[in-house]
J.: 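Here it is: the structure, laid out below.
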Amino acid sequence: GAGVSQTPSNKVTEKGKYVELRCDPISGHTALYWYRQSLGQGPEFLIYFQGTGAADDSGLPNDRFFAVRPEGSVSTLKIQRTERGDSAVYLCASSLQGGLTYNEQFFGPGTRLTVL
Amino acid sequence: AQSVTQLGSHVSVSEGALVLLRCNYSSSVPPYLFWYVQYPNQGLQLLLKYTSAATLVKGINGFEAEFKKSETSFHLTKPSAHMSDAAEYFCAVYWGGNFGNEKLTFGTGTRLTIIP
């Protein structure tokens, strides 16, 4: 009966390094979302997957950010050449299907990324 | 432009007093509206949602919210605050329905403190 899990829970890296953040959605959920929550702000949408494909990546801030979901389950958010401004909590959510009118998003606890 | 605003980044109420957290949206088309709660080091949890059925929505933990189209508001209330209600609360809106627009837009959050 596991919920959405994210690893690692905390990640500290140095400016310019590459990081990967992992999300394990609830089993059977076809829709997966990534959000970023900066200090004192609400979560901001990054990308939405339906199955293996990115249906909406309009929230990715620039080409240093990339996400994959190769088998339609686990997703990895990849950040290249990290900058101090990337420091935030990265949240993952999944829902049974797309369509938020009738499908609830279940959120993971997040990964806190700190770029020194 | 479509947006969501939460008035008051911090709200303090005495235990047993009324809780009122404010949320307003800006849109020519009424969106679907959600309230989420976030406890420290935990993921966002859905409290309640409005999806164009009843305008008064009851959620978990004794919370409720009323959709008022004329005021473009969806304020969250609870008649009697409990110490366990201390958390961060986020209002979120969803304007989707079209494929590729499946995302929540969150307000900046309101931190609720309960005074014993």
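The chains referred to below are lettered A, B, ... by the order of the sequence lines, with proteins before strands, and numbering in each begins at 1. Only a predicted model underlies this, so the values are computations on that prediction, with no experimental measurement involved.
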J.: Checking the side chain of A:Asn103 only, and the main-chain atoms of A:Leu96 only, is there a donor and an acceptor separated by less than 3.5 Å?
T.: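 Not at all, since once roles are kept as given, no pair shorter than 3.5 Å links the two residues.
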
J.: Hydrophobic cluster membership, with links at side-chain heavy-atom distances under 4.5 Å among I/L/V/M/F/W/Y: are A:Ile79 and A:Leu46 in one?
T.: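 In one cluster with A:Ile79: A:Leu46, yes.
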
J.: Taking the side chain from A:Arg22 and the backbone from A:Ser75, do they hold a donor-acceptor pair closer than 3.5 Å?
T.: no

J.: Just to be sure I understand the criterion: a residue of residues 104-116 of chain A counts if one of its heavy atoms is under 4.5 Å from a heavy atom of chain B. Which ones qualify?
T.: A:Glu104, A:Gln105, A:Phe107, A:Gly108, A:Pro109

J.: Under 6.0 Å between ring centres, would you say that holds for B:Phe74 and B:Tyr32?
T.: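 No, ring centres 6.0 Å or more apart.
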
J.: With chain A as the partner, which of B:Thr105, B:Val4, B:Thr51, B:Leu46 has the greatest number of non-hydrogen pairs under 4.5 Å?
T.: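 Of the options given, most contacts go to B:Leu46.
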
J.: Quick check on the 6.0 Å ring-centre criterion: do B:Phe106 and B:Tyr36 meet it?
T.: yes

J.: Given heavy-atom pairs under 4.5 angstrom as the criterion, report whether the side chain, backbone, both or neither of B:Gln6 touches chain A.
T.: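 It is neither, since no heavy atom gets under 4.5 Å.
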
J.: So which part of A:Leu100 gets closer than 4.5 Å to some heavy atom of chain B, the side chain, the backbone, both or neither?
T.: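 Looking at A:Leu100, backbone and side chain both touch chain B.
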
J.: Would A:Arg84 and A:Asp86 pass as an ion pair if we require N to O under 4.0 Å?
T.: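 So A:Arg84 does not pair with A:Asp86 through a salt bridge.
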
J.: B:Trp95 and B:Ser3: which non-hydrogen atoms are nearest, and at how many Å?
T.: CH2-N, 3.6 Å

